[in-house]
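Taking it in order: structure first as structure tokens, then the write-up.
Please read all numbers here as calculations on a predicted model, not as lab measurements. Chain identifiers are assigned alphabetically (A, B, ...) following the order of the sequence lines, protein sequences preceding nucleic acid strands; residue numbering begins at 1 within each chain.
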2 protein chains.
Amino acid sequence: MMKRMNATTKTSDLTRQKMLEAAFAEIHRNGFQAASVSQILLDTGLTKGALYHHFPDKKTLGLAVIDEVIRPFMTAMMFAPLLETEQPLSTLQALLQSKSMFNDPAEVMLGCPLNNLMQEMSPVDETFRVKLNALFQDWVDVVAAALKRGQQASEVRQDVLANDTAFFIVSALEGCIGMSKNTQSVAAFNGCLMQLSHYLETLKATKTAA
Amino acid sequence: MMKRMNATTKTSDLTRQKMLEAAFAEIHRNGFQAASVSQILLDTGLTKGALYHHFPDKKTLGLAVIDEVIRPFMTAMMFAPLLETEQPLSTLQALLQSKSMFNDPAEVMLGCPLNNLMQEMSPVDETFRVKLNALFQDWVDVVAAALKRGQQASEVRQDVLANDTAFFIVSALEGCIGMSKNTQSVAAFNGCLMQLSHYLETLKATKTAA
DNA sequence: CTTGACACATACCAACCGGTATGTATGATG
DNA sequence: CATCATACATACCGGTTGGTATGTGTCAAG
């Protein structure tokens with residue numbers, strides 16, 4: 001008698017998820033403000049009744065995209081590999097060289113969803129800014145924590161300021177992605193990452209250290 | 001009999017200039033797509049008749065802002081100091097430390113106008129992308145040329161790839177500005193610039209070189 | 001003084017936007 | 001079977017947008 005309905009199989013949750021993903025794609029293409037609710041509905045084949053049943057308004061939908069799409073993506077992609085490593089520099093180098101960052105070349109030209117939203121929404125809406133900045137700060141904290149572990153493991157020089165350096169690494173990476181998105185050149189992107197890679201090398205502890 | 005009317009004093013050019021600057025401010029605050037034509041008119045005290053007399057449409061106005069406001073600004077601010085220097089690293093360091101980059105703290109939170117527009121418009125409109133990328137590429141070229149001069153003058157290491165490095169420097173700087181705009185922290189911004197400064201130091205030629 | 005082009009102002013429009021009000025099919029529950 | 005909430009679909013609304021059509025003041029030329 002009890003129908004099977006865990007969190008993932010309930011049909012209403014599936015439609016909700018479909019809308020979140022369609023909204024993410026639309027926002028990724030056009031930004032949040034220019035994202036068309038109608039287009040999201042066209043993409044999903046759903047209607048306004050469906051959307052506004054699950055979300056009170058467009059803004060809430062956008063915030064939900066951050067929490068339920070972008071954050072999990074970033075967590076799996078960028079946070080996870082760094083969470084327990086004691087060689088953060090090696091791990092970061094591997095991350096930079098992993099081609100997974102631009103599997104789909106079309107996706108590269110759209111840039112980093114997090115950065116896109118930060119640039120657009122932070123000056124315009126405080127709610128967005130706080131949520132986006134929390135995600136960004138989490139990222140920086142993950143990198144900083146990894147750098148500190150690297151210092152204890154003597155992979156990282158003792159005199160590097162973990163927090164500032166982590167902030168810079170993430171900023172420079174986002175900068176590289178952003179600039180390459182305009183240039184539309186994978187070569188330029190790789191060249192840029194190479195320089196970032198060189199910078200990471202300068203953080204390495206000298207072999208002579210204890 | 002001949003009225004004094006050089007390029008700057010003609011009244012119609014003044015109104016045009018007023019609109020360009022108001023448009024720049026509005027775009028800087030809200031991005032191009034979200035920029036309201038009506039708001040620009042309110043700011044200038046002018047009307048639609050005036051605007052559409054000087055510009056055929058909103059898009060042309062936006063492109064004119066890039067050519068006639070942003071480009072001159074960037075040229076004076078970032079290009080000029082690098083144009084003939086033979087110590088690019090010192091010049092760049094000075095540029096980074098010059099507080100002129102954030103005279104008005106409110107302006108900092110709005111980010112770099114060039115980068116803002118690139119992030120927003122490049123994936124959405126090819127005309128914008130080409131024009132913005134040309135300006136960005138000019139910037140990179142100026143830095144690259146300076147680095148090459150620095151190599152001849154033995155301030156810069158011979159093994160640095162001027163073009164890639166210039167691209168990275170500009171990208172990282174834009175990244176720092178962008179991230180700090182979200183964080184809304186001048187301290188974070190300065191910390192980020194400090195790391196960029198450290199990176200620049202690693203480009204210095206060793207004293208022992210010829 | 002007249003003319004006519006330029007530089008705007010005023011009034012207005014069609015299109016589209018996010019959001020709402022309401023109708024309906026489904027399915028669980030008592 | 002009756003009831004009632006959930007999960008949507010359909011139709012529509014007020015507001016705003018970029019853009020246009022037209023009117024008007026100014027000013028230089030003839």
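As a whole-Å value, the separation of L42(A) CG from dC17(C) P is 10 Å. Nucleotide dA9(C) holds its C1' atom 13 Å from the CE atom of M19(B), rounded to whole Å. As a whole-Å value, the separation of L46(B) CG from dC6(C) P is 20 Å. Rounded to an integer number of Å, the gap from CG of D13(B) to P of dC6(C) is 14 Å. The nearest whole Å value for the distance from the CG atom in L41(B) to the C1' atom in dG18(D) is 11 Å. Rounded to an integer number of Å, the gap from CD of Q33(B) to P of dT16(D) is 20 Å. K58(A) has its NZ atom 17 Å from the C1' atom of dT20(C), to the nearest Å. One interatomic measurement links the two molecules: NZ of K18(B) to C1' of dA7(C), which rounds to 13 Å at whole-angstrom precision.
Here A34(B) lies out of heavy-atom contact (under 4.0 Å) with every strand.
The aromatic rings of F167(A) and F136(A) sit perpendicular to each other, their planes meeting at more than 60°, with 30° as the lower class boundary.
Atom-to-atom distance recorded for L41(B):CG and E26(B):CD is 10.0 Å, nearest 0.5 angstrom.
Side-chain proximity of H54(A) to the nucleotides dC17(C), dG19(D), dC8(D) is greatest for dC8(D). Closest to the side chain of T47(B), out of dC8(D), dA9(D), dA9(C), is dA9(C). Closest to the side chain of Y52(B), from the set dG18(C), dA9(D), dG18(D), is dG18(D). Closest approach to the A50(A) side chain among dA9(D), dT17(D), dC17(C) is made by dA9(D) (side chain taken as heavy atoms from C-beta onward). The nucleotide whose nearest atom lies closest to any side-chain atom of K48(A) is, among dT20(C), dT10(C), dG19(D), dT20(C). Closest contact between the side chain of H53(B) and the listed nucleotides dC17(C), dA9(D), dA7(C) involves dA7(C).
F32(A) carries K58(A) over the face of its six-membered ring, with the cationic atom under 6.0 Å from the centre and within 45° of the normal.
OP1 or OP2 of dA7(D) has not a single side-chain nitrogen or oxygen of T15(A) nearer than 4.0 Å.
Taking the side chain to side chain contact (heavy atoms under 4.5 Å, CB included) definition, one finds that A34(B) meets it with Q33(A), N30(B), sequence neighbours left out.
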Listing, residues 62-72 of chain A side-chain donor-acceptor contacts under 3.5 Å, not counting sequence neighbours, or none:
unit_1	atom_1	unit_2	atom_2	d
D67(A)	OD1	K131(A)	NZ	3.3
D67(A)	OD2	K131(A)	NZ	2.8
E68(A)	OE1	R16(A)	NH2	3.0
E68(A)	OE2	R16(A)	NH2	2.4
R71(A)	NH1	D138(A)	OD2	3.1
R71(A)	NH2	D138(A)	OD2	3.0

